[in-house]
Amino acid sequence: MTAKAALVVVPTFNERANLPTLIAGLMRHPDVRVMVVDDQSPDGTGDIADALAREHAGRIEVMHRTERRGLGRSYIDGIRKAIGEPVDVICQMDADLSHDPASLPDLVAATDRADVVIGSRYVPGGRILNWPLRRRALSRFANAYIRVVTRLSARDCTSGYRCWRREALAALPLDHFISDGYSFLVEMLYEASQRGSRIGEVPITFAERREGESKLSRAVLLESAITPWRLISTRRTADRRAP
Ligand SMILES: Nc1nc2c(ncn2[C@@H]2O[C@H](COP(=O)(O)OP(=O)(O)O)[C@@H](O)[C@H]2O)c(=O)[nH]1
Ligand SMILES: [Mg+2]
């Protein structure tokens, strides 16, 4: 691990079978702390997170949300708290073991050269394990669509594995974010690039979850189709208003 201090924000909803393994993997890196943001998971993930926090005192914090549930909302709450912490880098990661904690040092190290580093499936060396063709095609299509509409240059705009320089994350307009599902991840990148942040990518091997269930829904997919257009039209309106 590099000497950079990192805080990893992990949103959870019904991840009791995965969280202990994820935490064990992350705790192997000495300069890493974790903030679990749980949405009152009915399966008791929040209690498991509390027990892990006691076991690794000072390195794990748990936020128990009580407001309306959502991935974007959870990230906003977690990030607001995280940017006030004395760390160099703030990371985002799924709890379902799709994102290998062993790759974290690579992502953190790459923040030397970029303001936000994406753990990317779609740069040379990136891989996906155990995804059916249909799921691969959907993800590929989503990324092509996002890149064409928003002109973002990143190959993997929907990856939830990312490391940010703290200042780049703190510069985002968290109060103005609208999307909540996976589009939230796209909105974050778009706003970062609008602010001149350099976006880097390092290859990862993404593995489909073995335990628990995905929360990808039809509503989330619909939001994903609309968000790129909303982002660029908000931008155009802002440009017109500018003197
Ligand atoms: N706090 C919180 N976490 C969520 C919510 N929905 C999904 N997550 C977490 O976000 C991460 C990615 O979700 P997942 O269902 O695996 O999405 P997929 O990988 O695209 O199928 C996992 O860690 C989930 O537990 C939510 O509403 N609230
Ligand atoms: Mg997943």
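Order of listing sets the numbers, starting from 1, for every ligand and every atom in it.
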Which heavy atom of Gly78 sits nearest to which heavy atom of Val37, and what is that distance?
CA-CG2, 4.0 Å
Specify the closest pair of heavy atoms between Asp39 and Gly70, including all atoms of both residues, with the distance to one decimal.
OD2-N, 3.0 Å
How does Arg135 reach ligand 1, by side chain, by backbone, by both or by neither, if only non-hydrogen atoms under 4.0 Å count?
side chain
Measure from atom 5 (C) of ligand 1 to every heavy atom in Arg69, Gln92, Arg68, Arg73 and give the option owning the shortest one.
Arg69
Taking salt bridge (Lys or Arg N to Asp or Glu O under 4.0 Å) as the cut-off, I'd like each qualifying pair that reaches into residues 167-181, sequence neighbours left out, listed once.
Arg73-Asp180, Arg80-Asp175
Name the option, out of Val10, Asp39, Leu19, Thr12, that contains the heavy atom nearest to atom 3 (N) of ligand 1.
Thr12
Between Val117 and Thr111, which heavy-atom pair has the shortest distance, and what is it?
CG2-N, 3.7 Å
Where does the angle between the aromatic ring planes of Tyr75 and Phe184 fall among parallel (under 30°), tilted (30 to 60°) and perpendicular (over 60°)?
parallel
Please report the shortest heavy-atom distance between Thr45 and Arg16, naming the atom on each side.
OG1-N, 3.2 Å
Say whether Ser139 and Tyr122, considering side chains only, have a donor N or O and an acceptor N or O under 3.5 Å apart.
yes
Rounded at 0.5 Å granularity, tell me how far CZ in Arg33 sits from CD in Glu61.
7.0 Å
Correct closest heavy-atom pair for Pro20 and Leu52 would be CA-CD1, 4.0 Å
re atom 4 (C) of ligand 1, the protein heavy-atom contact at minimum distance is Phe13 CB, 3.8 Å
Closest heavy-atom approach to atom 1 (N) of ligand 1 among Ser74, Gly46, Ser98 is made by Ser74
Non-hydrogen atom of Gly70 closer than 4.0 Å to ligand 1
yes
What are the protein N/O/S atoms, named by residue and atom, that sit under 2.8 Å from the Mg ion (ligand 2)?
Asp96 OD2
shortest atom 20 (O) of ligand 1-to-protein heavy-atom contact is with Tyr182 CE2, 3.1 Å
Return the closest protein heavy atom for atom 14 (P) of ligand 1 as residue, atom name and distance.
Arg209 NH2, 3.5 Å
So salt bridge (Lys or Arg N to Asp or Glu O under 4.0 Å) across residues 189-210, not counting sequence neighbours, yields Glu15-Arg209, Asp96-Arg209, Asp115-Arg198, Glu191-Arg195
Salt bridge (Lys or Arg N to Asp or Glu O under 4.0 Å) contacts touching residues 133-156 (sequence neighbours left out)
Arg121-Asp156
Tell me whether Gln40 reaches ligand 1 (any heavy atom closer than 4.0 angstrom to a ligand atom).
no
Between Phe206 and His99, what is the ring plane arrangement, given parallel below 30°, perpendicular above 60°, and tilted in between?
perpendicular
Any idea which atoms of ligand 1 are less than 4.0 Å away from a heavy-atom of Val37?
1 (N)
Provide, to 0.1 Å, the distance between atom 21 (O) of ligand 1 and the closest protein heavy atom, together with that atom's residue and name.
Ser214 OG, 2.4 Å
At what distance is the nearest protein heavy atom to atom 15 (O) of ligand 1, and which residue and atom is it?
Lys215 N, 2.7 Å
Between Asp96 and ligand 1, is there a nitrogen or oxygen pair with a distance under 3.5 Å?
yes
With respect to atom 23 (O) of ligand 1, which of Gly160, Ser41, Gly212, Ala95 exhibits the smallest heavy-atom separation?
Ala95
Answer whether the closest heavy-atom distance between the side chains of Met35 and Met63 falls below 4.5 Å.
yes
Answer yes or no: is there an ion pair linking Glu187 with Arg230, defined by an N-O contact shorter than 4.0 Å?
yes
Heavy-atom contacts with Glu15 under 4.0 Å: which atoms of ligand 1 show up? List them by number with element.
22 (C), 23 (O), 24 (C), 25 (O)
One should read off an interatomic distance between Ile199 CD1 and Ser193 OG, to the nearest 0.5 angstrom, of 5.0 Å
In terms of residue, atom name and distance, what is the protein heavy atom nearest to atom 10 (O) of ligand 1?
Leu71 CD1, 3.3 Å
closest protein heavy atom to atom 9 (C) of ligand 1 is Pro11 O, 3.5 Å
For ligand 1 and Phe206, I'd like to know whether there is a polar contact (N/O to N/O, distance under 3.5 Å).
no
